[in-house]
Structures are given as C-alpha cells and as structure tokens.
Amino acid sequence: MRFVELAATSAAVGATSGRRAKVELLAAALRSLDPDEVPAGAGYLAGELRQRQTGVGWASLRDLPPPAAEPTLTVGGVDAAIEEIAAVGGAGSQARRRELVGQLFAAATADEQRLLVGLFRGELRQGAQAGLLTEAVARAADVPVAAVRRALLLAGDLRAVAVAALSGGAAALAGFGLQVGRPLAPMLAQSAPTVDEALTATGVPAVVDVKLDGIRIQVHRSGQDIAVFTRSLDDITGRLPEVVAAVRALPARELVLDGEAIGLDAEGRPLPFQETSSRAARRTTASTTGGAPVAPAVLAAAERAGETVLTPYFFDLLHLDGVDLIDLPGRERWAALARVVDPTLLVGRVEVDDPEQAGAAFAAAVDAGQEGVVIKDPAAPYDAGRRGAAWVKVKPRHTLDLVVLAVEWGSGRRQGWLSNLHLGARDPRTGEFVMLGKTFKGLTDELLRWQTERFLGLAVEKGDWVVRVRPEQVVEIAFDGVQTSSRYPGGMALRFARVIRYRDDKTAAEADTIDAVRAIHAGRVTG
DNA sequence: GTTACGCCTGCGC
DNA sequence: TTCTGACTGATTCGG
DNA sequence: CCGAATCAGTCAGAAGCGCAGGCGTAAC
C-alpha cells in the first residue's frame with residue numbers, strides 16, 4: 001500500500017469531528033493494507049511507530065527538506081527506513097541519523113511529511129489513537145469490539161492484535177489469553193478530591209489501600225524466570241534485582257503480581273519520589289546482576305554503600321499456578337495474594353463500611369508519609385487498562401496563591417489563546433517573585449478567553465512564544481507537593497500544579513511567600 | 001587525550 | 001501525572 | 001408517544017516536573 005493513502009486517511013480523520021465517521025475511515029484504510037504491512041500500518045493509523053525509540057524527536061524535526069511533488073513511498077518502505085533510523089548508534093550516529101531522516105522526508109509529499117512528523121513526535125493530533133483504532137479493527141475484521149479490546153488489554157500490543165483480527169477473525173482473537181511472561185495493561189484508578197466522593201463511586205463496603213509514591217510494577221514469574229514490567233509495559237527486570245529476589249522467594253510456581261516499588265529510609269518511611277524514580281531509571285547499579293538471583297547479603301551491602309534499594313509492595317494477583325484470577329472479585333484475588341505473599345510485602349489495606357473509617361485510613365496513610373489512598377470496590381474484577389469507578393484514588397491537595405509572571409501562547413486547540421502560566425511566589429526580603437513552575441491545567445475556555453485579554457493588558461514584553469507581564473495577577477494554584485529543582489531559582493518546583501481560580505480580591509503583595517513553599521518542601525506535609 | 005558540560009530523547013510520575 | 005471538552009449511547013423528562 | 005434534555009462513560013489533547021543516558025563539543 002502506498003504511504004500517501006495513509007497520509008490521506010490521517011488528514012481526513014483529522015478533519016472529521018464525529019468518532020463513528022473516524023472509525024469508518026480508519027477501518028477502510030485497515031482493509032486495504034497488505035497483510036505484511038498491517039503491523040506498521042495499523043500503528044501509523046493510531047499515531048504510533050512500531051519502533052518505540054527512534055532517537056528522533058522535536059528538535060530533529062525543526063528544519064526539514066522541501067516535500068516531494070510526487071508520492072513514491074510505500075508503507076513497508078517507510079517502516080524499513082524508520083527501522084534503519086532507529087538502529088543507528090555509536091560515534092557519528094547523530095549525523096548519520098540526521099542524514100537518514102533528511103532522505104526520508106525529502107522523499108515524502110507534504111501530506112506524508114505531516115504524518116511522519118506526527119509519528120516521530122508522538123503527537124499526531126488527528127483525533128484518533130489506539131482507542132478508536134480498536135473500534136476500527138473490529139469494524140474492518142467484522143468482529144465484536146469487546147473481543148478486540150480484551151485481546152488488546154491482555155496482549156498489550158495493538159499491532160499483534162490487529163494482525164490477528166484481520167487475518168484470523170474472532171477465533172484468532174480468542175487466543176489472546178493472559179500469558180505469564182507477557183505484560184497486560186494495568187488497571188487504572190479514577191481520581192476523587194475527597195474520601196467521601198470516592199466512596200460514592202465505589203459504594204460500601206469498600207477496601208482502602210495505601211497509595212505508595214513509587215513506580216507501578218507488574219511482576220511475572222514462571223518457575224525461575226521472573227520479569228518486571230512498568231506501567232507502559234517496558235521490561236525493567238535488569239534494573240530491579242531486589243524485586244526479582246523478593247518474588248523468587250515466594251512459594252509459587254507461576255505468578256502475575258501487581259504492585260508498586262518504592263525506596264524507604266532507615267525508619268521505613270518513603271523516600272521522595274525523585275529518589276525512587278532515579279534509582280528505577282538507572283540501568284546499571286551496584287546491585288544489578290542482570291536478573292540473576294541476588295542474595296539478601298548483597299542487597300544489604302548495596303544499601304550500606306548508599307545505594308537506594310527499592311522494595312516491592314503488592315496489591316493484586318492476576319494469575320496463580322495456572323489459574324487466571326482477573327475475572328474474580330477483588331476480595332478473592334486479595335485472599336489468594338495474601339496466601340502467597342509475605343504480609344510485609346503487601347500494601348496496607350483496611351475494609352471499611354462508612355466514610356468515617358475510610359477517612360481515618362486516609363489520615364493514617366498521609367501521616368505515615370504516603371501519597372494517599374486508593375479506595376476499591378471489593379466485588380469488582382480486574383479491568384485491565386480501564387480507569388473505571390471500581391478503583392478511586394484520593395490524595396491530599398495543597399493550595400497557594402501565586403503571582404503570574406509570564407504566559408505562553410497555546411497551540412493546537414488553544415491556538416490564539418494565552419495558555420501556559422509561569423508562576424511565582426513572593427520573596428518578602430527582596431520584593432521580587434521566585435518562579436516555581438508552569439501550569440496550563442484547570443483552565444476552561446472561558447478562563448482562557450479572559451486571561452488572554454487580561455495578560456495582554458499587563459504585558460511588558462510580547463514575544464512570539466512567551467509574553468512577560470507585570471507581576472500583579474494573583475491565582476490560586478493546587479498542587480500535589482514540592483520537589484527539589486535544579487532548574488528554578490528557588491531550588492524548588494511544584495508537582496502537578498493546576499489552576500483553581502483567579503484571586504481578584506488579592507494583590508501581589510498579599511500572595512504567598514517562598515517561605516511558605518519552603519515549609520511544605522521541608523515538612524512534606526499538608527500546607 | 002580526558003573531562004566537563006550541554007542538548008536531546010525517552011520515560012517515570 | 002491533571003484537567004477540560006467533545007462525542008455517544010442510554011435514560012429520563014416534558015409537551 | 002416521541003423528540004428533547006440530561007447523564008455517564010470514553011477518548012483525545014492541552015502541557016508540567018525530574019532524571020538517566022547517549023552523543024557531540026568545548027575546555028583543560
């Protein structure tokens with residue numbers, strides 16, 4: 001199939017607003033792909049490359065050669081070119097990669113370039129991603145959507161599922177059961193501002209799990225083979241030998257576990273997320289042995305040497321010794337989990353019948369330095385990949401009244417509006433404002449309209465990207481916490497900042513101070 | 001010839 | 001990770 | 001009774017922070 005046809009489909013999808021119409025367009029394109037082009041082509045239609053890492057990003061796509069007049073590329077040819085680009089490495093690779101990218105884009109028409117840019121950047125913005133492609137695959141293969149969705153969530157691989165559906169139909173999809181060693185999409189949680197609202201969603205009785213501020217892990221064990229996967233199904237087995245060792249010690253032959261890995265201090269309190277994250281991202285550590293068994297003594301030595309050790313805590317069990325548990329109620333999965341996992345490796349959990357008990361559990365978790373709680377309906381099955389009402393997370397929320405220092409012009413659907421706010425806290429000693437981060441969240445279209453006018457009125461320097469303003473407008477900002485920063489002048493940055501409302505009743509001189517931010521950072525408690 | 005630093009990409013939240 | 005807005009299918013409301 | 005209004009579920013897209021690691025290059 002010619003690549004230009006996919007580019008045309010993508011453009012048509014982008015110009016369509018209705019979801020059903022998008023699905024029809026995508027399905028038609030899927031049907032006309034050659035069988036051997038389905039893995040790459042189906043991915044392109046969802047805005048994904050078959051190659052997860054290409055080494056080509058935003059900056060590499062800044063200046064491109066002029067587009068070709070005539071389309072010559074094929075889907076298979078593009079896939080091969082990207083494969084080559086992704087494979088280059090070592091000294092001289094940046095020049096070589098730039099050369100290959102230049103060749104590919106020079107051979108592409110304007111429409112094809114637009115699609116390629118979107119694919120490389122991972123921001124196709126055609127209004128259709130894996131979710132709609134799932135429906136399109138079902139339509140193209142004439143099988144129920146539910147069958148495709150289930151296969152996708154259990155296989156975690158859009159391309160493989162598309163191939164199976166289009167070539168083998170419902171029968172082939174039925175073959176995608178849970179398979180030990182192959183990661184599945186983890187179940188996700190909705191979010192609620194309060195414990196009471198979370199309980200309204202889940203109903204009572206409910207269970208309240210401590211929410212640990214670490215990284216999500218899914219651990220598979222088949223005999224002595226153990227693999228650890230992240231939330232996005234990346235294999236990080238080699239980075240977490242301590243988790244491998246812990247699971248190897250469990251009395252079971254086959255397991256699929258869901259949990260969180262986190263670093264702890266000497267008192268057993270959680271380390272800041274930055275430290276857990278740093279350790280989990282490191283590919284080589286003193287204690288890394290490539291997934292081979294690690295003796296407890298080795299881990300203890302690593303800990304003494306100052307190396308952060310991550311401890312796994314589990315909250316769900318999806319498979320045990322040949323039996324899939326995902327369709328069982330959560331309560332039964334937990335019972336099975338508690339039989340095979342040492343209690344010290346279970347997340348804290350209590351069963352509650354009313355909001356008071358749940359509130360107490362939440363307070364206790366926060367008191368212990370944890371991120372919050374996840375409230376769960378104990379009757380619900382494990383809904384892989386879903387963000388349903390069966391699991392609802394609740395975290396404490398901080399707020400501060402900060403001052404807007406500058407605003408950035410928005411893009412995409414925010415084109416023409418001032419969008420991203422630069423936020424600062426008052427420094428009472430100098431009278432200046434110390435920038436703590438940016439946010440674009442929490443803004444309604446009405447607020448965007450209002451602030452565009454407001455900040456153009458306060459502007460002192462109107463750049464193409466950033467508009468600097470007189471520091472006069474106060475805004476109430478919610479955030480999850482304060483983290484150490486090397487980028488911002490105060491050495492601190494807000495985590496997940498979002499706008500609550502503008503405070504027209506406050507002047508900049510009444511805004512919160514950098515000292516208040518420091519207090520939250522130091523105490524890591526509610527502010 | 002090293003070392004230090006900056007830019008870029010990718011991924012955790 | 002948070003949040004808003006658009007679309008859809010189902011359910012309820014009102015003339 | 002039937003069309004209109006409302007609700008809940010899903011999906012897409014607006015972008016944030018820090019950190020690790022690969023590569024290139026300037027400084028020593």
Side-chain angles (χ1 to χ4, degrees), chain A residues 13-14 16-23 46-47 52-62 86 88-97 120-135 149 188-191 193 201 212-217 230-232 234 236 239 260-261 272-285 371 385-389 393 395 397 408 410-415 417 419-423 436-448 478-488 492-500:
Chain A
V13 167
T16 306
S17 60
R19 276 211 275 270
R20 303 175 59 89
K22 287 178 196 272
V23 167
R52 274 189 82 169
Q53 299 185 191
T54 60
V56 179
W58 211 86
S60 318
L61 300 167
R62 261 190 298 236
V88 296
S93 62
Q94 289 189 6
R96 175 68 180 148
R97 183 176 286 125
F120 275 114
R121 287 175 50 171
E123 292 184 354
L124 186 51
R125 297 177 188 181
Q126 61 175 4
Q129 300 179 161
L132 285 197
L133 196 77
T134 303
E135 289 184 41
R149 184 165 289 140
L188 306 171
Q190 283 182 1
S191 152
L212 302 167
D213 194 9
I215 64 159
R216 185 88 177 259
I217 51 169
T230 65
R231 189 167 114 72
S232 61
D234 256 355
I236 54 164
R239 299 185 218 167
E260 192 91 1
F273 175 73
Q274 282 166 296
E275 294 189 41
T276 289
S277 165
S278 153
R279 169 61 178 77
R282 219 164 305 155
R283 274 160 221 176
T284 54
T285 74
E371 194 186 11
R386 291 309 249 282
R387 196 182 287 280
K393 59 184 163 189
K395 298 193 267 187
R397 195 187 76 168
E408 295 174 12
S411 64
R413 72 177 301 280
R414 293 194 177 184
Q415 190 92 46
W417 280 338
S419 173
N420 204 0
L421 308 171
H422 294 199
L423 305 166
L436 292 167
K438 310 180 196 176
T439 186
F440 56 91
K441 295 175 185 139
L443 297 164
T444 60
D445 286 3
E446 191 191 340
L447 226 37
L448 284 166
F479 56 99
D480 278 18
V482 178
Q483 52 193 344
T484 304
S485 171
S486 55
R487 168 187 336 202
Y488 288 111
M492 300 176 293
L494 303 182
R495 191 172 179 200
F496 307 137
R498 59 263 191 195
V499 172
I500 300 296

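Each chain gets a letter, A, B and so on, in the order the sequences are listed, and its residues count up from 1.
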Please classify the nucleic acid contact of [X] as base, sugar-phosphate, or nothing, using heavy-atom distances under 4.0 Å.
{"X": "A:R216", "answer": "sugar-phosphate"}
{"X": "A:A128", "answer": "sugar-phosphate"}
{"X": "A:V499", "answer": "nothing"}
{"X": "A:T230", "answer": "sugar-phosphate"}
{"X": "A:A280", "answer": "nothing"}
{"X": "A:R498", "answer": "sugar-phosphate"}

Could you tell me the separation between the [atom1] atom of [X] and the [atom2] atom of [N], rounded to a whole number of Å?
{"X": "A:E135", "N": "D:dC11", "atom1": "CD", "atom2": "C1'", "value": "9 Å"}
{"X": "A:I215", "N": "D:dC17", "atom1": "CD1", "atom2": "P", "value": "22 Å"}
{"X": "A:F120", "N": "B:dC8", "atom1": "CZ", "atom2": "P", "value": "17 Å"}
{"X": "A:L494", "N": "D:dG16", "atom1": "CG", "atom2": "P", "value": "14 Å"}
{"X": "A:R20", "N": "D:dC11", "atom1": "CZ", "atom2": "C1'", "value": "15 Å"}
{"X": "A:L421", "N": "C:dT4", "atom1": "CG", "atom2": "P", "value": "14 Å"}
{"X": "A:L448", "N": "C:dT4", "atom1": "CG", "atom2": "C1'", "value": "9 Å"}

Checklist entry - Taking the six-membered ring of A:F496 as reference, does the NZ or CZ atom of A:R397 fall below 6.0 Å from its centre and within a 45° cone about the axis? => result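 Judged by the rule (NZ or CZ under 6.0 Å from the ring centre, within 45° of its axis), A:R397 is not positioned above A:F496.
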So, OP1 or OP2 of [N]: does either fall under 4.0 Å of a side-chain N or O from [X]?
{"X": "A:Q483", "N": "D:dC19", "answer": "no"}
{"X": "A:R52", "N": "B:dG10", "answer": "no"}
{"X": "A:R125", "N": "D:dA14", "answer": "yes"}
{"X": "A:S486", "N": "D:dC17", "answer": "no"}
{"X": "A:R149", "N": "D:dT10", "answer": "no"}
{"X": "A:K441", "N": "D:dA15", "answer": "no"}
{"X": "A:S17", "N": "C:dC7", "answer": "yes"}
{"X": "A:N420", "N": "D:dG16", "answer": "yes"}
{"X": "A:S232", "N": "B:dG12", "answer": "yes"}
{"X": "A:R279", "N": "B:dG12", "answer": "no"}
{"X": "A:Q274", "N": "D:dC19", "answer": "yes"}
{"X": "A:K393", "N": "C:dT1", "answer": "yes"}
{"X": "A:Q129", "N": "D:dA12", "answer": "yes"}

Checklist entry - Nearest nucleotide by nearest heavy atom, which residue falls closer to the 5' end of DNA chain D, A:G92 or A:S278? => result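 Looking at DNA chain D, the more 5' nearest nucleotide goes with A:S278.
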Item to check | Contact nearer the 5' end of DNA chain D, comparing A:R495 with A:Q94 | outcome: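 Looking at the nearest nucleotide for each, A:R495 comes out on the 5' side.
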What's the shortest heavy-atom distance between [X] and [Y], and which atoms?
{"X": "A:G442", "Y": "A:L447", "answer": "O-CD2, 4.3 Å"}
{"X": "A:L436", "Y": "A:M492", "answer": "CD2-O, 3.7 Å"}
{"X": "A:R282", "Y": "A:S278", "answer": "NH2-OG, 2.7 Å"}

Checklist entry - Are any of the side-chain nitrogens in A:R216 or A:E260 under 4.0 Å away from the carboxylate oxygens of its partner? => result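 Salt bridge between A:R216 and A:E260, a charged N being under 4.0 Å from a carboxylate O: no.
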[options]: which one has an atom nearest the side-chain heavy atoms of [X]?
{"X": "A:A281", "options": "D:dA20, D:dA12, C:dT1", "result": "D:dA20"}
{"X": "A:S485", "options": "D:dC17, D:dG24, D:dG16", "result": "D:dC17"}
{"X": "A:D445", "options": "C:dG5, D:dA14, D:dA20", "result": "C:dG5"}

Checklist entry - For DNA chain C, whose closest nucleotide is more 5', that of A:K395 or that of A:E446? => result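 This one resolves to A:K395.
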Item to check | Option from A:R498, A:K441, A:K393 for which salt bridge (Lys or Arg N to Asp or Glu O under 4.0 Å) with A:D480 holds | outcome: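 Output: one option passes, namely A:R498.
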Item to check | Other residues, nucleotides, ligands: >12 heavy atoms within 6.0 Å of A:R20 CZ | outcome: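 Count not over threshold, so no.
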